[in-house]
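Take a look at the structure below.
Since the model is a prediction, treat every value here as computed from it, not as a measurement.
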Amino acid sequence: MKPLGDRRHHYWLAQRMAQLTQTDLVAAREAAALSQKDWAEMVERCRGCDWEAGCGRWQAQQALADSPAENAPEDCANQARFAQLKTALEVQE
């Protein structure tokens with residue numbers, strides 16, 4: 001089992017992934033689609049992800065892109081959770 005990554009670093013990776021995929025974490029929290037426990041689990045899942053270097057590169061590329069990414073890449077450990085949150089928020093609208 002590989003050691004988990006730095007919690008603060010992965011918090012910001014997950015936060016940035018949400019921004020780059022236009023996943024509104026504040027709205028998800030307000031809509032009760034994302035609890036504090038859920039967010040902590042997402043950060044922990046990120047800490048255990050093997051794709052950290054690729055994630056950083058992907059995020060850097062997306063920051064320079066003309067249009068935002070529709071979804072987190074499949075290699076992201078939280079890809080499915082980000083997609084669920086976006087769907088939950090779309091249903092709320």
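For the atom pair CG (Asp75) and SG (Cys55), the distance works out to 9.5 Å, reported to the nearest 0.5 Å. Note: Leu85 CG to Arg29 CZ = 12.0 Å, rounded to the nearest 0.5 Å. We find the CD-CG distance between Gln15 and Leu25 to be 5.5 Å, quoted to the nearest 0.5 Å. To the nearest 0.5 Å, atom CD of residue Gln36 and atom CD of residue Glu41 are 11.0 Å apart.
Under 4.0 Å is where a charged nitrogen must lie from a carboxylate oxygen, and between Arg81 and Asp38 at least one such pair does.
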Stepwise side chain to side chain contact (heavy atoms under 4.5 Å, CB included) check, Asn78 with Met17: CA-CA 9 Å; Asn78 285 306; Met17 185 65 75; over 6 Å; no

Worked verdict on His9 versus Glu52 for side chain to side chain donor-acceptor pair (under 3.5 Å): CA-CA 10 Å; His9 174 69; Glu52 181 179 354; 2.9 Å; yes

Worked check of side chain to side chain contact (heavy atoms under 4.5 Å, CB included) between Lys86 and Asp24: CA-CA 8 Å; Lys86 286 180 75 167; Asp24 189 338; over 6 Å; no

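Linking Ile, Leu, Val, Met, Phe, Trp and Tyr residues whenever their side-chain heavy atoms come within less than 4.5 Å places Met42 and Tyr11 in a single cluster. Hydrophobic clustering places Phe82 together with Trp12 (ILVMFWY residues linked when any side-chain heavy atoms are closer than 4.5 Å, directly or through intermediates). Note on Leu34: it does not cluster hydrophobically with Leu89, by side-chain heavy-atom contacts below 4.5 Å among ILVMFWY residues. Tracing side-chain contacts under 4.5 Å through hydrophobic residues (I, L, V, M, F, W, Y), one never reaches Leu13 starting from Leu20; they form parts of separate clusters.
Taking the six-membered ring where the residue is Trp, Trp51 and Trp58 present tilted rings, their angle falling between 30° and 60°.
Taking 4.5 Å as the limit, every side-chain heavy atom of Arg16 sits out of range of all side-chain heavy atoms of Gln62.
Here the shortest heavy-atom pairing between Asp6 and Arg47 reads C-NE, 4.1 Å.
Using modelled atom types, one side-chain atom of His10 and one backbone atom of Cys46 make a donor-acceptor pair closer than 3.5 Å.
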